[in-house]
Amino acid sequence: MTNEWRQTGWRGGISDDRVVGVSNSFQYGESLEIRKNPSSLKLSYAAEKDSSTTVVAQINAITTIASTGDIIAADAAGNCYRKTAGAGAWVLCYTDTGASPILNLYEYNDVLYYANATHLNSIAVADIDDSWSGDVTEDAHAFTVGNTNAHPMLELYNNLYIGDGYYLAELDSLGSFTGDKIEIFHDEEIRGLTYTNGYMRFYARKSTFLDFGHIYLWDGTAETHNQNVIWEGKMIHSAVSMDGYDYVIAGVKPILYQVVDTTPYALKKLYGVGDTEDALMAANSMDISGTYILFGTCASGTNSMPRGTWTYGQHTKDYTPCLNFDYPTSPGKATDVVTCVHESRGVIYQAWYDSDAAAYGIDVVNTAKYATTGYLITRVFSGDRAYEEKLLKGIYLASTQLSADEKIEVFVRTDLQTSWGSAVLSLNYATVADRAKNQKRSFSAAGKGSFNFLEIKIALTAGTSQATSPELFEIGTLYNVVKNGIANKTG
């Protein structure tokens, strides 16, 4: 008899394995929306370069001013940039005298602080405009260690805390600065600060060469940290907090962890890091957007990680949290470096470095436009019996009717091949007969011959001016099992 395989949802996200996975998961996909309409597949919004030629060096930090909505970015050449009220063009508003890399930004008590390796610098929020000349207090406070990699910041109990290598520094509400408030092991550096369950948490690592992490807990009043737990095999890259839990990316082969108390639980290994490869993430590469964790890949390493901003989470409680690659960088190169991800009033920004063109930029996710194209590769299908030879008889899809210039293409490859060839099924607005269709079938796929393993690639193309997206509801195949060299049609 004729057998059928179909997929009617994609909310399971990217699977950890190309063969097995949770329901509605897939092997890989990019520039696709899989959660908001959980039974259909659409293009994600477009990530577009927002910074023109204004940005001249690697952006290390981005923050939003609470009272004005101004977005401030800082780079590795000591420059600060402003996007007024989150609108209009980025403006270069200040260059620090020493032109030292700025590692982080934080607003505290109506003052914006920026940290380079050796000092904490400041400007009153009231003085922030398109020119900060004469308004910045440079070298306001000297760090004790002067860590050159990261200065994570967090406000707690009306004090500002800054990680500086093996010290936690404190700036209190009266302006008094203590560079060595809390001390950790001297061969470690603080990479992230969070506050959950009554404790500030310092996430630390030894170096980029040791797969080792350390978490310290401090109640905010004790003279030293209250507790510390070693994380063997988990070099910490970055950390954020959401809904009472910490989320940490750690490991030479990075994994996203949820931290319960002090115990890390692996949620998802990050895609594109092979057995002989590694990847390092920037300290400010994580943020939160609604119910999603954002993270940008990656800062360095030898790997094939797609470059851009990924999301992990669930649109509502009714669906399983999942991983998705939503927003590739606007240069779209495999060697791009993502140094910072920031969410501001529902708008997502990612900072990147294009090493091929020696260019830098900030992308914004434009919710008025869809990605030009996006695609998904299904998990490997074997009909639950890989040893049985099968004959592909046809393939079908169901979707909304296409708008102008939209297109859905389906490709097939068998037996774990690496190339796809030409599309075996296409629903294309350019074909007049396709415009009124909600479904299409093709029996030409039968020309692929028999198979043991089958993979399908679905490619979506946006409509005119990227204003619309096709919406796919279902993809399926028809096949027969081959017995004694004959495709069994009757069972």
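The residues of the chain are indexed from 1 along the displayed sequence. Worth saying up front: this structure is predicted, and the values here are computed from it rather than measured.
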Under the ring pair (Phe, Tyr, Trp, His ring centres under 6.0 Å) test, which residues partner Tyr157, sequence neighbours left out? none
Applying ring pair (Phe, Tyr, Trp, His ring centres under 6.0 Å) to Tyr45 and not counting sequence neighbours gives Tyr370
Which pairs, with at least one residue in [range] and sequence neighbours excluded, count as a ring-ring contact (aromatic ring centres under 6.0 Å, His included)?
range	value
residues 325-364	Trp310-Phe325, Tyr353-Tyr360
residues 80-120	none
residues 226-276	Tyr28-Tyr271, Tyr203-Trp231

Test: side chain to side chain donor-acceptor pair (under 3.5 Å). Region: residues 178-194. Which pairs qualify, not counting sequence neighbours? Asn147-Glu189, Asn149-Glu189, Glu183-His186, Asp187-Lys206, Glu188-His214, Glu188-Tyr216, Glu189-Arg205, Thr194-Asp246
Only one of [options] forms a side-chain contact (heavy atoms from CB on, under 4.5 Å) with [X], so which one is it?
X	options	result
Pro470	Leu41, Leu460, Thr461	Leu460
Val229	Ile215, Asp261, Thr263	Ile215
Trp10	Asn37, Asn24, Leu472, Leu32	Leu472

Restricting to salt bridge (charged side-chain N to carboxylate O under 4.0 Å, His left out), what partner residues turn up for [X], sequence neighbours left out?
X	result
Asp129	none
Lys369	Glu48
Lys36	none
Lys83	Asp50

Separation of Ile348 CD1 from Thr309 OG1 (nearest 0.5 Å): 7.0 Å
With side-chain contact (heavy atoms from CB on, under 4.5 Å) as the criterion, how do Lys49 and Ile362 come out once you've worked through the C-alpha distance, each side chain's angles and the decisive distance to 0.1 Å? CA-CA 6 Å; Lys49 187 177 181 183; Ile362 301 171; over 6 Å; no
Not counting sequence neighbours, which residues clear side-chain contact (heavy atoms from CB on, under 4.5 Å) with Lys253? List them please. Val273
Tell me every residue that passes side-chain contact (heavy atoms from CB on, under 4.5 Å) with Thr148, counting only those two or more places apart in sequence or in another chain. Ala117
When you check the gap from the basic side-chain N to the acidic O, do Asp211 and Lys234 get nearer than 4.0 Å? no
The test is side-chain contact (heavy atoms from CB on, under 4.5 Å); show your working for Phe295 and Val240 and say whether it passes. CA-CA 10 Å; Phe295 61 91; Val240 294; over 6 Å; no
Any side-chain to backbone donor/acceptor pair from Thr378 onto Ile456? Under 3.5 Å, distance only. yes
